[in-house]
Amino acid sequence: MATIDTEALDLILSTLDEYAERELPLATLLSIDRDDVFPTKVLHDLYDPEQIGLHLLFLPEEYGGLGGGANEVYRVSEALARVDLGVATGVLATFLGTDPIKVGGTPEQKAKWMGRIAEEGLLVAYGATEPQAGSDLSALRTTATPRPANGQPEGYVLNGQKQWISNGGVAKLYTILANAPGGPSWFVVEAGTKGLTAGKPEDKHGIRASNTASLYLENVIVPRESLVGGVEGQGLAQAQAVFGYTRLMVAAFGLGGGWAALERAIRYGQQRAQGGSLLADKQGYTHKLLVPHACRLEAARAYIEWTAARLDAGEPGLATEGAIAKYTASEAGNAAAEAAIQALGGNGYTREYMVEKIKRDVRITTIYEGTSEILEWTMARYRWQFHLKTRGQHFLDAAARARDLHGRDPACGADAAAIALTALARVMERCRLDRLTHNQHVLFRLGELVAWAETAQVFAERASTPRPHVRGIDADALRAMARVYARQAAHKVVFDGAQWAVGAGQTDPAFFEGLPVGAAIAAQAGLVEDMNLVAQRLRDVFPG
Ligand SMILES: Cc1cc2nc3c(=O)[nH]c(=O)nc-3n(C[C@H](O)[C@H](O)[C@H](O)COP(=O)(O)OP(=O)(O)OC[C@H]3O[C@@H](n4cnc5c(N)ncnc54)[C@H](O)[C@@H]3O)c2cc1C
């Protein structure tokens, strides 16, 4: 997979920052949110190669793009989300909408459509969801009926309705998923095609700078060349093929939104005094509202970066890793934004201070591109298969690797990560023996525990091999964060895992003895001291 050089990426990021500072000050962002207007000019500027040309980053070089890889997608998505998640969603939609062509298009289709998207800066929309087909896309009802001419199919007639389509009312190009006789297939449809209309923009809770609309397809005639890949029935596989990528993008939105809120809270605590001292000096404030969220967000970043590096090294798929990244980052982003409102007290509850808007905006990240519950299911199912195939060794092996790492580097949280991984293996095995995953809730909770344990492991690994941090957090602070997070993961996997296994009726009287309960408790030693260190470093990086 191609990537662009660091200088080019830095240039894009700094141009984006300058643009946001100039064109999207706080008052403008708040008024776009309040008035619920689609910022046409902003999207135009972002896509204008003379200004930023953001869409070029996602397009391959041979079609006029810059050929950015997953790492660049993550960095730019995080930066966009820090500015405004609604604007970021408009860009995401173009990226998503282009994906079926990028993954499954014929060489001619790629050259034609990606060439035009690059050159004309077309806004694209991705039309998968329908009123009856949300999380379950197989319930798709939109049809693509072959349209014969002289006995040969020369095109298709599309009929149906799409719902919740980002850029739905403003796009110039649509990729539409429809049921052809050979199965679900993607079709490229240009705006203005007879029979294609959009509903009025949805009145949304957040990301109000993005346009979301229903699409109506009434006898929309498209030529045969608009069938992506030229073969029917590839649609769901093509959608699946890019989940690693697209979920990473939404993960970066959770990260960017969460940090945008948390940064405001960290600064605020250094300006506001109550009870005779600054809020930032009070553990009851920092260790509840700031530190755990910073650690969770940085754990998510570590997992995003690790997944991006694997995608950029050419590993295909990585849908489960994409799911873990998105789940962890979007849940962390939501929790951080919620805590930021609390951290600002009454001010946090008003629009002017922005954290209230960020909280509404970041809320979408646990819904689109796979809801958190669907991701819990994905993570549980795929890792459950690993557990079965390896006869219970998968997470035990991971725990052994974490213990090795702890041997080489005792201060990166790998010991606590090993406890989490060991507990996960034991809980999974108990669930297998007692057939507990027949309870959907138990299966989904295992998905959540997979995310905690794996993220703790990856965070420990990345904290152990320091590299320049994108937000300037130093190596010592990052290691303290990894330790805080891994302790939380160990505690969570042991006690939540036990709760659900016992709650679902596990039958082994010696179950607790097999769980690392004592180790998970002992691993908490030093927790408050580490949180003190993190609290101090957050003040240094984000002064008041
Ligand atoms: C602002 C916005 C923008 C969007 N943009 C796009 C876009 O550009 N293109 C596009 O195609 N779609 C888009 N979507 C659609 C989005 O992907 C869907 O909303 C999402 O996949 C969930 O589908 P749904 O809304 O039908 O909810 P449902 O699938 O009905 O889910 C409702 C609830 O039930 C849970 N649930 C669902 N199935 C199960 C199950 N089997 N077991 C347990 N729990 C379950 C879900 O987790 C959720 O909590 C957008 C949505 C929004 C709100």
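Counting from 1, the numbers follow the sequence of the chain as shown. We count ligands from 1, going down the list as the structure has it; atoms in each ligand are counted the same way.
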Intermediate values then yes/no, salt bridge (charged side-chain N to carboxylate O under 4.0 Å, His left out), Glu225 and Lys112: CA-CA 11 Å; Glu225 303 82 76; Lys112 176 175 175 183; over 6 Å; no

Contact check, side chains of Leu424 and Arg383, non-hydrogen atoms, under 4.5 Å: no

Heavy-atom check, side chain of Val188 versus side chain of Ile176, under 4.5 Å: no

Pocket residues of ligand 1, ordered first by chain and then by residue number (heavy-atom cut-off under 4.0 Å): Tyr126, Ala128, Thr129, Gly134, Ser135, Trp164, Ile165, Ser166, Lys204, Ile207, Thr212, Ile364, Ile367, Tyr368, Glu369, Thr371, Glu373, Ile374, Trp377, Gln440, Phe444

Residue among Val91, Leu123, Leu43 satisfying side-chain contact (heavy atoms from CB on, under 4.5 Å) with Asn167: Leu123

Residue pairs, two or more places apart or on separate chains, that pass ring pair (Phe, Tyr, Trp, His ring centres under 6.0 Å) and touch residues 80-120: Phe58-Phe95

Donor-acceptor pair, side chain of Ser226 and main chain of Val222, under 3.5 angstrom: no

